[in-house]
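Position 1 is the first residue of the sequence; numbering continues from there.
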Amino acid sequence: MAELLAAGPSGVAGAVARAMERSAPGSGASWYGGDHTDFRDGVFLREVIGVQVVVQEGGTAVPEAMTGLPPRPGGFTGRDRETEDLLRALDPDGAQSAAAPVASVSGLGGIGKTALAVETAHLARERGWFPGGILFIDLHGYDREPVTADRSLRTLLHALGIPPEHMPTTTDERAALYRSTLAVRAGERGGMLVLADNASSAEQVRPLLPGDFRHRVLVTSRDRLPQLGARLLPLDELGTREAYELLDRALRIADPHDGRVGDDPGTTGRLASLCGHLPLALQIAAALLAADPAKPVSELVAELAEAHDRLDHLDDGERSVRAAFELSYRRLPPEQARLLRLLALAPGPEVSDEVVAALVGADRPPVRDQHALARAHLVERGHTRGSWRLHDLVRVFGAGVVARAEGDAARARVLRHYLERARAADARLKPRTEDDEGTRPFRSREEALAWFDAERAGLVAAVQWATDRQLAADAVRLAGALGEYLDWRRRFDDSVTVCGAVCAAARRAGDEAAEAAAWNRTGTALRGNRRLREAYDAHRRAHDLYDALGHDNGRAMALSNLGAILGDVGQVDDAVDAFRLALGLFRRTGDRHSEAGVWNNLALILRKSGRVDEALDALRSALGLYRETGDRPREGRARHNYAVALNARGRTAEAVTACLDSLDICEEFEDWHGAARTLYALGLVHETAGDAERARVRMTQAADAYERAGSPKEAEQARRAARLTGPAPTGTPAPAAPPDRTADSGPPGPRPPGVPGNAGP
């Protein structure tokens, strides 16, 4: 086994590399995520975040991420010349756009780059220029952690319909798939517009450039980005007349009878000067006036003139905007000011009402204060009812005025709230017991999953507070409560992030057992992403740490996971050796539940390598141990595997019985993905038995179940299989089964000391 763990290029590392080289990206249904800003009601406060695919009216329907382009910015004015210049740069039939298919709008932060780009994109769509659709992505170029080329490509490929399991593993491969996908789309539907917002470097944008000349790219940035060979459109501040029009229009959108700007044009000109003629600052000033209809413009001018750090000119424009935020903040009642400060500390891009209540230390969220902040455009409504978000600069401002003690106390309250709720939801995902006190307030598994889904981004962000020594203990405990959910939803990227934070905290605390467990879970997540070489290295690190600690149970878990990877790359004998070593260690420690998981995983390798009788023996061992330990959900998975092995041996009647038993367990525990998988297997069994009609019925039921489970790609595979089931012409390929996901991802207990979550095979 020592040789196995030290395998070099000719061993597992080489095999992993060869497997990766042979892998090819596939296609499937779209995955959608992100958000958008509502530009209605006349105030443009923030840059847009998200990915959208826009569909031309009358064109062929394409997947939509969210709702398409953000709405046109209400009150947009003062950019007539720039809009015409940009339209000429994007015109598919224009000589200017043919010479430079990329246009780059540059200028200070808050100058209105996104507003101009969105307005122009709407005009281009109205002219029918981009029948293939419009992709929109915010690159967050000036955030602390800008969106990398790798991440932006992954996001755009998701929007274009590439499922996570078929996503290439390297940036270069993703870029190649992105270009080829756009080329196909151009041939089928016509050119597309890619709007890349808020870029900070050419490196962020260059991988997003299509290879097909029919597409156009529109970039916004605070830098000119001449390296792109783009048509450069620098954006300056508004002139006095345009600023006047913007202020007047914004006030009249709020109240058509508001004539304060027209009544005092001289003072309005002074206000525009104090705002630096920056559209964002002007819009905020208009919002302050609209919030107080009795306030004269001269009073606001006096306040701005006397404000500390008012709208001074800065390289990136942030201090100018900060002055407007400071003025808004200073006028807030104490409770609203406190709420703004604390909202700036919230984990994740959006915050729910329940987390707002935890932040402020109350039983209920301060709804009146939240709405007041929203009217002042300091807080925005989130995607779902009862959720809120802050513009990035407002968040930075709010965090900057929070006292250390106030902030630490608020984050500690959020962590305690999240930990209590996550543990209850996690308990609901586990096998039920007679005493379900720990699962309250969740009445069902689906309710617990829905809560996890809604709070996922915040939960993952909160775990990263483990870098703070005062919060590390609860953050690590929270990570443990997320393991089952992230595995269930196959959120492998989030799992890697969570485990990385736990790893760092454990290393800093000198807790080698917790670090080993975190490496083990990291490896499992990396394997889920098909990053096999990294997964193998992570499990080896876990194994070595456990070995140094003399921790046989943890060492067995790492060995089992190593065996799974070895099986993935075709090293069957080495995989079997690793599994058998793990079995011996689990028997020595008496961990019967984990032993069952190893038997189940071993059976998969044996069956796929043609050793069906050995696989059946292994599965009988797994089933007996799962019954002994009372883990019904994993017993259902093992019964599914048992049915597949029986069918491979030609014992179809027994295979049908095993499938039905598995299906009963899946339905009992609301495992809709498992139910779909078993229905599909049942269809294959009927097909083997020559009963094409029953096979079609079961595969159609599997497709419906996959849809319910949120797996549209696998649903389409099942529908295709149903259509192809029955006698086929010579040369017609047999229907492909959806990916085999029945491997045991790890037992939920018992856990070795210091292990913050499920780290099993």
Side-chain angles (χ1 to χ4, degrees), residues 4 12 15-16 19 23 165 487-488 490 492 523-530 532 535-536 539 556-583 586 593-626 631 633-649 651 654-655 658-659 661-662 665-666 671 673-674 676-678 680-682 684-685 714 736-747 758 760-761:
L4 170 65
V12 66
V16 171
S23 65
E165 61 268 24
D487 285 347
W488 192 263
R490 298 188 290 281
F492 301 121
T524 300
L526 290 167
R527 182 184 174 226
N529 268 341
R530 307 305 297 168
L532 299 183
Y536 184 84
H539 288 311
M557 292 176 182
L559 282 168
S560 182
N561 287 325
L562 287 166
I565 295 174
L566 290 165
D568 288 341
V569 298
Q571 294 190 3
V572 175
D573 291 339
D574 288 340
V576 171
D577 288 344
F579 284 133
R580 295 204 180 279
L581 282 171
L583 286 170
F586 279 134
H593 188 244
S594 295
E595 182 186 343
V598 180
W599 281 118
N600 191 39
N601 291 344
L602 173 60
L604 289 174
I605 301 298
L606 293 170
R607 174 177 61 80
K608 290 177 181 179
S609 62
R611 296 157 66 174
V612 179
D613 289 334
E614 293 178 72
L616 287 168
D617 289 339
L619 285 164
R620 280 188 282 269
S621 296
L623 286 167
L625 288 168
Y626 279 136
D631 191 339
R634 283 182 172 81
E635 180 187 343
R637 296 181 187 180
R639 287 191 178 280
H640 170 99
N641 291 337
Y642 192 53
V644 174
L646 287 168
N647 192 45
R649 178 49 68 209
R651 295 158 61 179
E654 295 172 84
C659 279
D661 289 343
S662 175
I665 295 174
C666 289
D671 179 3
H673 193 274
R677 192 176 56 238
T678 302
Y680 189 92
L682 189 54
L684 293 177
V685 173
E714 291 167 314
D740 190 348
R741 301 184 186 278
T742 55
D744 191 342
S745 61
N758 175 7

Side-chain contact test, heavy atoms from C-beta onward, threshold under 4.5 Å: evaluate it for Glu714 versus Arg677 and give yes or no. no

Please find the pair of heavy atoms, one from Ala582 and one from Ala556, that lie closest to each other, and give the distance. CB-O, 3.4 Å

Can you check side chain to side chain contact (heavy atoms under 4.5 Å, CB included) on Tyr642 and Leu616, steps first, answer last? CA-CA 7 Å; Tyr642 192 53; Leu616 287 168; 3.4 Å; yes

Measure the spacing between CG of Asn641 and CG of Leu646 and express it to the nearest 0.5 Å. 11.0 Å

With rounding to the nearest 0.5 angstrom, report the CZ to CG distance, Arg649 to Asp613. 4.0 Å

Do Arg611 and Val576 have side chains that approach each other closer than 4.5 Å (heavy atoms only, starting at C-beta)? yes

Nearest heavy-atom pair of Gly563 and Ala578: which atoms, and what distance? CA-CB, 3.8 Å

Non-hydrogen atoms of Gly567 and Ala575 that approach each other most closely: N-CB, 3.6 Å

Flag side-chain contact, heavy atom, 4.5 Å: His539 against Leu526: no

Considering only heavy atoms from C-beta outward, does the side chain of Pro633 approach that of Asp671 to under 4.5 Å? no

Counting C-beta onward and ignoring hydrogens, is there a side-chain heavy-atom pair between Arg580 and Leu602 closer than 4.5 Å? yes

Student check: side-chain heavy atoms of Val612 and Arg651 closer than 4.5 Å: no

Student check: side-chain heavy atoms of Asn561 and Arg527 closer than 4.5 Å: no

Heavy-atom closest pair, residues Tyr536 and Ile565: N-CD1, 3.5 Å

Check: Ser662 side chain, Gly636 main-chain N or O, donor-acceptor pair, under 3.5 Å: yes

Hey, is Asp617 close enough to Arg620 for a salt bridge, meaning N to O under 4.0 Å? yes

Is there side-chain contact between Arg634 and Asn600, with at least one heavy-atom pair below 4.5 Å? no

To the nearest 0.5 Å, how far apart are CG in Asp574 and CD1 in Ile605? 11.5 Å

Rounded to the nearest 0.5 Å, what separates atom CZ in Phe579 from atom CG in Leu559? 10.0 Å

Phe586 and His593: side chain to side chain contact (heavy atoms under 4.5 Å, CB included), yes or no, with the steps? CA-CA 9 Å; Phe586 279 134; His593 188 244; over 6 Å; no

Verdict with reasoning, Leu532 to Arg530, per side chain to side chain contact (heavy atoms under 4.5 Å, CB included): CA-CA 5 Å; Leu532 299 183; Arg530 307 305 297 168; 3.7 Å; yes

How long is the span from the CD1 atom in Ile665 to the NE2 atom in His640, to the nearest 0.5 Å? 13.0 Å

Give the minimum heavy-atom separation between Gly674 and Cys666, together with the two atoms involved. C-SG, 3.5 Å

About how many Å separate OG of Ser594 and CG of Leu583, when rounded to the nearest 0.5 Å? 10.5 Å

Ala622 to Trp599 - nearest heavy-atom pair and separation: CB-CB, 3.8 Å

